[in-house]
Amino acid sequence: MTTDQDLVPLRSMRSAPVMLGVGAAIGVLGGMIGLGGAEFRLPLLISLFGFAALSAVILNKAMSLVVVLVALPARLAAVPAADVAARWPVAVNLLAGSLLGAWAGATWAVRMRSATLYKVLAALMVLMAAALVVTHTIALDALALPLWAQVPCGVVAGFGIGVVAAIMGVAGGELLIPTIVLLFGEDVKTAGSLSLLVSLPTMLVAFARYSRDGSFAVLGANLRFTTIMAAGSIAGAVLGGLLLGVFPDLVLIPVLAVILLVSAVRLARHDYLIRTRSSHPMTCDCVP
């Protein structure tokens, strides 16, 4: 359950230029690798803006949903809708698992102790860094599984991705795209469009679960913040898309992976640092 104290950030970095600029920077990072950048946004919501873990996850999910809704028409323009629709069994296969995973992941996130959630988020950041490196540095070939094995593998993979997406507040494209390529043999461009179609209902299910515990109150309390930062993320993603290919993957991917790993370390230590600061408050020797 989200408390009133969790609804607003601990720090007061609330000026519109800061929110817009941070959102844009995140969008550029994501756009340069063809993603939304939510994995980079989450640690900043916690460490820079001072939101509690669960509140940061929900805000991140809301902004990810906005980015996906904006990106979907552009993706369908790049890949004919008929081609995507013809591959509906792939989306249905993954959704059979991801919808359940999203509900389960949101349930676990709500029930976790704050200290545990920080550590889980840190572990998932490491997973995202590994997925980023593998996806962009290794040529992925389809596993060519028989249908009787492909379908249950798709459900299991979808469940895991749904859990990760719900707990982190991300769309899950970082994991969906390589899964679609490996399990179903689709090309990367088609996989990107299919991932958005799977992400959208998966995020809505996570939202529905979060709303049951009053956790959604954080959106109402920070609507201006969410709107401005989401707008920056969209603008940044467009700019990042234009920069796609400007920086070689051999340089860009390791840098982004290091950013994720550093963020993971900070998240893992976040609760400890907060307790340390609380038990050793700063003192002032000033004479009144």
Side-chain angles (χ1 to χ4, degrees), residues 30-39 64 67-69 71-102 104-105 124 126-166 168 170-205 237 240-241 244-245 248-250 252-253 256-257 260:
M32 286 193 296
I33 54 176
L35 299 171
E39 64 274 25
S64 297
V67 172
V68 166
L69 287 172
L72 188 55
R75 270 287 186 177
L76 293 179
V79 180
D83 290 349
V84 177
R87 290 158 173 83
W88 65 266
V90 174
V92 170
N93 192 173
L94 290 168
L95 282 169
S98 69
L99 297 180
L100 292 174
L124 294 179
V126 174
L127 173 65
M128 288 296 181
L132 181 66
V133 171
V134 170
T135 303
H136 289 82
T137 60
I138 299 175
L140 300 177
D141 296 319
L143 298 177
L145 296 175
L147 186 62
W148 62 265
Q150 187 183 73
V151 171
C153 283
V155 173
V156 171
F159 181 86
I161 292 169
V163 168
V164 172
M168 293 190 72
V170 300
E174 303 88 337
L175 302 176
L176 277 169
I177 293 174
T179 297
I180 293 171
V181 173
L182 286 171
L183 284 183
F184 303 101
E186 301 293 345
D187 63 87
V188 173
K189 184 179 290 188
T190 302
S193 297
L194 286 169
S195 74
L196 292 177
L197 293 178
V198 175
S199 295
L200 186 55
T202 301
M203 286 191 289
L204 291 175
V205 166
L244 188 64
D249 281 356
L250 288 177
L252 182 62
I253 299 305
L256 296 182
L260 291 175

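What you are looking at is a predicted structure, and each value in this text was computed from that prediction instead of being measured.
Atoms CD1 and OG, from I177 and S193 in turn, are 9.0 Å apart once rounded to the nearest 0.5 Å. Between atom CG of residue L99 and atom CG of residue L204 there is a gap of 9.5 Å, rounded to the nearest 0.5 Å. Considering OG1 of T202 and CG of L197, their distance stands at 10.5 Å, rounded to 0.5 Å. Here S199 contributes atom OG and L176 contributes atom CG; the two are 5.0 Å apart, rounded to the nearest 0.5 Å. The CD1 atom of I180 sits 11.0 Å away from atom CG of L175, with the distance rounded to the nearest 0.5 Å. To the nearest 0.5 Å, atoms CG (L200) and OG (S64) are separated by 12.0 Å.
Taking every heavy atom of both residues into account, M203 and V68 meet most closely at CE-CG2, 3.5 Å. Of all the heavy atoms in G154 and F184, the pair that sits closest is CA-CZ, 4.4 Å. Here the closest non-hydrogen pair linking T190 and R87 is CG2-CD, 3.5 Å. For S98 against V198, the heavy-atom pair with the smallest separation is OG-CG1, 3.8 Å. Nearest heavy atoms, E39 versus V170: N-CG1, 4.0 Å. Scanning all heavy atoms of the two residues, the minimum distance from Q150 to N93 falls at O-OD1, 3.7 Å.
In this view, T179 and L94, A157, I161, L183 satisfy the side-chain contact (heavy atoms from CB on, under 4.5 Å) rule, not counting sequence neighbours. With sequence neighbours excluded, no residue forms a side chain to side chain donor-acceptor pair (under 3.5 Å) with D141.
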side-chain contact (heavy atoms from CB on, under 4.5 Å), that's the test. Do V164 and M128 meet it? Break it down for me. CA-CA 10 Å; V164 172; M128 288 296 181; 3.7 Å; yes
Contacts table for residues 129-139: side-chain donor-acceptor under 3.5 angstrom, sequence neighbours left out:
from	atom 1	to	atom 2	distance (Å)
T135	OG1	A131	O	2.7
H136	ND1	L132	O	3.1
T137	OG1	V133	O	2.4

